[in-house]
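The structure appears right after this line, and notes come after that.
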Amino acid sequence: MTEHDSSTPDPAPAPALPPVADRAAFEAELSRLRLREKAHTREGDAIAAARRRLPMVEVAADLELTGPDGPVTLLDAFEGRRQLIAYYFMWHAGHEAADQCEGCTWVTNQVQELSFLHSRDITYAVFCQGPYEESRRYRDFMGWDMPWYSALPSNNELLTGRQVGSMHVVCYLREGDRVYETYWTTLRGVEVMDYNYALMDLTAYGRQELWEDSPSGWPQTKDAPPEHPMRSNGRPIPQWSRIEAGRSDDLHPRP
């Protein structure tokens, strides 16, 4: 055997490190950054204030959804509360769990405790853009317990002027039996639901994704293509803990 076995891959190089400084220099740099952070926070507050001053548009309150007991209306989804936040979950009908949307799985997996929303008279619900039974099995596989509906009967009307089939967060306000849409966002706008990226952004190496502006030598996730940073080994990342726990991901059980 030769001194170097070419069949054994060389170990990956260690990632680069930030420069080392003494405490005084570190705190001085952090103080300069803190000014930008505070400005960013104040701008976020100003944007939220402008959002609260947007006009609203009426939406038919009787648009049909499908829930666990069959057809319901958009008005029913409020569960009697004044406001409703609906997450429009992308769906690939007829596909297996591993093929479902990694982005929607990522953000939906963050939504756990709803009591604080409820304390502000807000209901949160998922409006899946696929068949109810198939998508409900996915919810059960993932272990989610938030209200879950199929928006398939009214997708086009609910998402008027937007890309049906894409991820959206839509906010509604109820006045008696009338329903109004007050805000919506899509694509990176749905990051507001996630805390993982917010925490990653605080760390030295950030999100470790290929698009980020990072110094040379910083680690980047290379086990997923750049357009799918929420996937690992052929599945949305949060699915793996469910598979390891022995849960069934069969969305199409035989009769």
Side-chain angles (χ1 to χ4, degrees), residues 36-37 39-59 63 65 74 77-78 83-92 100-114 116-117 120 122-130 135 139 142 144 146-151 154-174 179-202 206-213 221 224-231 236-238:
R36 296 176 63 188
E37 289 181 333
H40 179 72
T41 298
R42 288 191 291 270
E43 178 62 13
D45 292 342
I47 290 171
R51 193 180 291 120
R52 291 191 294 273
R53 288 164 171 79
L54 287 172
M56 60 186 185
V57 59
E58 188 164 10
V59 181
L63 287 173
L65 307 168
L74 176 61
F78 280 75
Q83 297 186 88
L84 168 67
I85 300 172
Y87 180 75
Y88 283 79
F89 198 110
M90 297 172 62
W91 192 255
H92 304 301
Q100 296 305 328
C101 179
E102 62 282 341
C104 291
T105 302
W106 151 62
V107 291
T108 302
N109 207 48
Q110 313 310 309
V111 182
Q112 302 292 329
E113 177 60 58
L114 299 178
F116 205 65
L117 289 174
R120 300 298 194 269
I122 301 168
T123 292
Y124 174 87
V126 170
F127 286 10
C128 186
Q129 299 177 72
S135 65
R139 186 193 83 155
M142 293 301 300
W144 300 327
M146 73 281 288
W148 188 278
Y149 303 93
S150 169
S154 303
N155 260 348
N156 291 330
E157 294 88 349
L158 287 164
L159 294 176
T160 297
R162 285 153 285 192
Q163 183 181 351
V164 174
S166 186
M167 57 176 65
H168 297 86
V169 175
V170 183
C171 297
Y172 300 97
L173 176 65
R174 179 177 66 85
V179 173
Y180 301 87
E181 185 178 323
T182 62
Y183 178 75
W184 69 273
T185 189
T186 187
L187 300 176
R188 287 196 64 186
V190 307
E191 285 185 17
V192 69
M193 298 168 59
D194 175 69
Y195 65 87
N196 289 287
Y197 273 171
L199 292 174
M200 290 178 193
D201 284 343
L202 300 179
R207 304 182 186 191
Q208 302 175 46
E209 294 179 4
L210 299 179
W211 64 269
E212 285 182 285
D213 179 5
T221 301
E227 67 270 23
H228 293 311
M230 299 100 174
R231 297 186 76 86
I237 291 169

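Not measured: the values here are computed from a predicted model.
Thr123 and Ala77 get closest at one heavy-atom pair: CG2-O, 3.4 Å. Scanning both residues, Met193 and Val107, for their nearest heavy atoms gives CE-O, 3.7 Å. Looking at every heavy atom in both residues, Ile85 comes nearest to Leu117 through CD1-CD2, 4.5 Å. Across Gly130 and Ser150, no two heavy atoms sit closer than the pair O-OG, 2.6 Å.
Just one of Trp91, Tyr124, Phe89 meets the ring pair (Phe, Tyr, Trp, His ring centres under 6.0 Å) condition when paired with Trp148; it is Phe89.
Of the possible donor and acceptor atoms, one in the side chain of Gln100 sits under 3.5 Å from a partner among the backbone N and O of His92. Side-chain atoms of Glu102 do not come within 3.5 Å of backbone N or O of Pro229 as any donor-acceptor pair.
If you take CE on Met200 and CG on Asp194, they are separated by 7.5 Å, rounding to the nearest 0.5 Å. Here the straight-line distance linking atom CD of Gln129 with atom CG of Leu158 works out to 9.0 Å at 0.5 Å rounding. Taking CG of Asn109 as the start and CD1 of Ile237 as the end, the distance is 11.0 Å to the nearest 0.5 Å. Tyr180 contributes atom OH, which lies 12.0 Å from atom CZ of Arg174 (distance to the nearest 0.5 angstrom). Taking CZ from Arg120 and CD from Gln83, the interatomic distance works out to 11.5 Å, rounded to the nearest 0.5 Å. One distance of note links CG of Asp45 with NE2 of His40; it measures 10.0 Å at 0.5 Å rounding.
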Test Tyr87 against Met167 for side chain to side chain contact (heavy atoms under 4.5 Å, CB included), laying out the working first.
CA-CA 7 Å; Tyr87 180 75; Met167 57 176 65; 3.2 Å; yes
Derivation and outcome, side chain to side chain contact (heavy atoms under 4.5 Å, CB included), residues Val126 and Trp144:
CA-CA 10 Å; Val126 170; Trp144 300 327; over 6 Å; no
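Within the structure, every pair that satisfies the side chain to side chain donor-acceptor pair (under 3.5 Å) test and touches residues 182-193, not counting sequence neighbours, is listed here: Arg188-Glu191, Glu191-Arg207.
In this structure, Val170 and Phe127 have side chains that are not in contact, with every pair of non-hydrogen atoms separated by 4.5 Å or more. Thr108 has its side chain out of reach of Arg139: every pair of non-hydrogen atoms, C-beta onward, lies at least 4.5 Å apart. Side-chain contact between Thr105 and Met230 is absent, with no heavy atoms from C-beta onward closer than 4.5 Å. Side-chain contact between Val59 and Thr160: absent, with no pair of heavy atoms (C-beta onward) separated by less than 4.5 Å.
By the 6.0 Å contact criterion, CD on Glu58 is enclosed, its count of non-hydrogen atoms from other residues, nucleotides or ligands being greater than 12.
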